[in-house]
Amino acid sequence: MHTLEPLAHPPENEAELLAQAQRLAGLTLGELALRVGLTPPADLKRDKGWIGVLLELWLGASAGSKPEQDFAAIGIELKTIPIDSLGRPLETTFVCVAPLTGNTGVIWETSHVRHKLKRVLWIPVEGERAIPVAERRVGSPLLWSPDREEEEQLRRDWEELMDLIVLGQVERITARHGEVLQLRPKAANSKALTEAFGAHGEPILTLPRGFYLKKNFTAALLARHFMM
DNA sequence: ACTTGATCATGG
DNA sequence: CCATGATCAAGT
């Protein structure tokens, strides 16, 4: 039987998406790449988003750069997450860029972070560099929404970070701020600058920042799934 | 060993 | 430049 093929269209509901994701569990990236005519890179140094794009293809997400959820019609965001042999995340997870201007009156309830994380399809993928990319296996998917405690953690961190941004302290924020959500550079390089406000309200140029989920947060949500 | 800050590719 | 997809690798 060879009913294994990419979804040609965006999934119409969660069940269809989850079913397709479950079909991919256990397969290698090399197998998935071969079936869609892609060639796995030797490493990810110059192809950091390759796995994400490959899984998007298989799950019927529209590739490319759109400021929307991957499956906008059913309100789901796709995140591949590299894990070690024990199922623990190897990297933080990018959520979205942080707005450095125009933030007066912005609140958690309508924030991009909350919207992005409202419902996420997590797909763990073996990520240890000792494993050739083509041989890395896809894990079991997890369709997740933050529970009350997780949302409160996220909200607290988001509010702390946004307060600092609004107060013109963006350049004093380090990745150590926040328990589960951190703010770090998100740019092509250290020379790509964007506008923000300084401590005295004056315009400044600074690195674009992104919100990232710390590993303790994603490790916990994956572990909870793994045990059930 | 681990995290933080820096970086890579692509499309619009 | 900004958005998407993230991982790299120097420093602690």
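Chain identifiers are assigned alphabetically (A, B, ...) following the order of the sequence lines, protein sequences preceding nucleic acid strands; residue numbering begins at 1 within each chain. Here the structure is a predicted model, which means the values were calculated and not measured.
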Whole angstrom is fine here: how far is it from [atom1] in [X] over to [atom2] in [N]?
X      : N     : atom1 : atom2 : answer
A:R209 : B:dG5 : CZ    : P     : 9 Å
A:E68  : C:dG5 : CD    : P     : 11 Å
A:L181 : B:dT4 : CG    : C1'   : 15 Å
A:L59  : C:dT4 : CG    : P     : 18 Å
A:D70  : C:dT4 : CG    : C1'   : 9 Å
A:K214 : B:dG5 : NZ    : P     : 10 Å
A:H112 : C:dC2 : NE2   : C1'   : 12 Å
A:E56  : C:dA6 : CD    : C1'   : 11 Å

Contact class for [X] (heavy atom, under 4.0 Å): base, sugar-phosphate, or nothing?
X      : answer
A:R129 : base
A:G49  : base
A:Q69  : nothing
A:D43  : nothing
A:L90  : nothing
A:R184 : base
A:T194 : sugar-phosphate

Worksheet item: Do A:K186 and C:dG5 share a donor-acceptor pair, side chain to base, under 3.5 Å?
Response: yes
Practice prompt. Would you state whether a donor and an acceptor, one from the side chain of A:K48 and one from the base of B:dT7, lie under 3.5 Å apart?
Written response: yes
Between [Y] and [X], does any NZ, NE, NH1 or NH2 come within less than 4.0 Å of an OD or OE carboxylate oxygen?
X      : Y      : result
A:R119 : A:E14  : yes
A:K79  : A:E77  : yes
A:D147 : A:R224 : yes
A:R156 : A:E159 : no

Worksheet item: More 5' along DNA chain C: A:R136 or A:K116, using each one's nearest nucleotide?
Response: A:K116
Worksheet item: Going by atom types only, do A:E151 and A:W108 share a side-chain donor-acceptor pair under 3.5 Å?
Response: yes
Discussion item. Under a 3.5 Å threshold, yes or no: a donor from one side chain and an acceptor from the other, between A:R88 and A:S85?
Written reply: no
When you measure from the side-chain N and O atoms of [X] to the phosphate of [N], is any distance below 4.0 Å, counting only OP1 and OP2?
X      : N     : value
A:K215 : C:dT7 : no
A:R46  : B:dC8 : no
A:T80  : C:dA6 : yes
A:S190 : B:dT7 : yes

Discussion item. Side chain of A:Y212, heavy atoms from C-beta onward: which of C:dA3, C:dT7, C:dC2 has the nearest atom to it?
Written reply: C:dT7
Worksheet, complete the sentence: Per nearest nucleotide of DNA chain B, the residue lying toward the 5' end, A:E91 or A:K191, is A:E91
Fill in: 5'-most by nearest nucleotide on DNA chain B - A:K45 or A:T92
A:T92
